[in-house]
Amino acid sequence: MSAGMSGQRFRFVGYLPQDRQALIAAIAELERASRGEETQVFIETPYRNQRLLQALLDHARHDTQLAVAVDLTTDAERVLSLPIAGWQVLPTALRPVIERRPAVFALMAAAVQGPAPSGGGRTPASGRQ
């Protein structure tokens with residue numbers, strides 16, 4: 001709920017692969033599986049959290065929503081949920097400190113939009129045919 005993603009449909013996928021190519025493929029699969037309908041929840045060993053976050057920032061789509069929850073159930077709990085593009089421009093000092101701390105990651109790709117209408121359809125800008 002703190003991540004602002006669907007709590008009605010979610011999948012806990014555990015740990016993602018360590019091999020770089022397999023990790024990149026897993027990120028793409030998580031995005032495909034979620035597409036605005038099912039939150040994908042996963043974890044990492046605390047000493048590899050930063051590596052996983054960087055892989056997500058490097059390989060997930062810019063409009064995919066990513067939440068990182070660190071130190072849950074403690075006084076230091078912090079949850080930050082932004083699109084990948086927001087994470088990429090967020091100064092490091094404003095990101096949650098996740099290195100060697102228990103963290104949970106949640107991802108939800110933006111819903112796939114249908115193809116743009118071709119000739120003769122209504123256009124959102126003008127509202128005319």
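Fair warning: this is a prediction, and the values are worked out from it, not measured in the lab.
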Using a 3.5 Å distance criterion without hydrogens, assess whether the side chain of T45 forms a donor-acceptor pair with backbone atoms of Y47. no

Which atoms form the tightest heavy-atom contact between F12 and F42, and what is the distance? CE1-CA, 4.3 Å

Residues I84 and L56: closest non-hydrogen pair is CD1-O, 3.9 Å

Main chain of A22, side chain of D19: is a donor-acceptor contact present, judged purely on distance under 3.5 Å? yes

Heavy-atom pair with the smallest gap, counting every atom of T39 and A106: CG2-CB, 3.9 Å

Report the distance from atom CZ of R48 to atom OH of Y15, rounding to the nearest 0.5 Å. 8.0 Å

To the nearest 0.5 Å, atom CD1 of I24 lies from atom NE2 of H59 at 3.5 Å

Assess whether side-chain hydrogen bond (donor to acceptor under 3.5 Å, both in side chains) is satisfied between Q50 and R100, documenting all intermediate values. CA-CA 9 Å; Q50 195 60 48; R100 300 193 182 276; over 6 Å; no

Would L57 end up clustered with L23 when hydrophobic side chains under 4.5 Å apart are linked, directly or stepwise? yes

Hey, could you give me the CG/CH2 distance between L80 and W87, rounded to the nearest 0.5 Å? 4.0 Å

State the CZ-CG distance between R78 and L72, to the nearest 0.5 angstrom. 13.0 Å

Under a 3.5 Å cutoff, is there a donor and acceptor pairing between the side chains of T64 and E31? yes

Donor-acceptor pair, distance only, cut-off 3.5 Å: does the side chain of D63 make one with the backbone of A110? no

The single option from V68, L90, L66 that satisfies side-chain contact (heavy atoms from CB on, under 4.5 Å) with L82 is L90

Checking side-chain contact (heavy atoms from CB on, under 4.5 Å) between F105 and each of V13, I43, L52, which is the one that passes? L52

Determine yes or no for a side-chain-to-main-chain donor-acceptor pair under 3.5 angstrom, with S34 supplying the side chain and Q40 the backbone. no

Is any side-chain heavy atom of Q65 closer than 4.5 Å to a side-chain heavy atom of S81? yes

Is the backbone N or O of V97 less than 3.5 Å from a side-chain atom of R101, with the two atoms forming a donor-acceptor pair by type? yes

Neighbour count above 12 (heavy atom, 6.0 Å) for F10 CZ: no

Nearest heavy atoms of Q18 and E44, plus distance in Å: NE2-OE2, 3.0 Å

Inspect the surroundings of CD in Q8 and state if more than 12 heavy atoms from other residues, nucleotides or ligands are less than 6.0 Å away. no

How close do A103 and N49 get, counting heavy atoms only, and between which atoms? CB-ND2, 3.7 Å

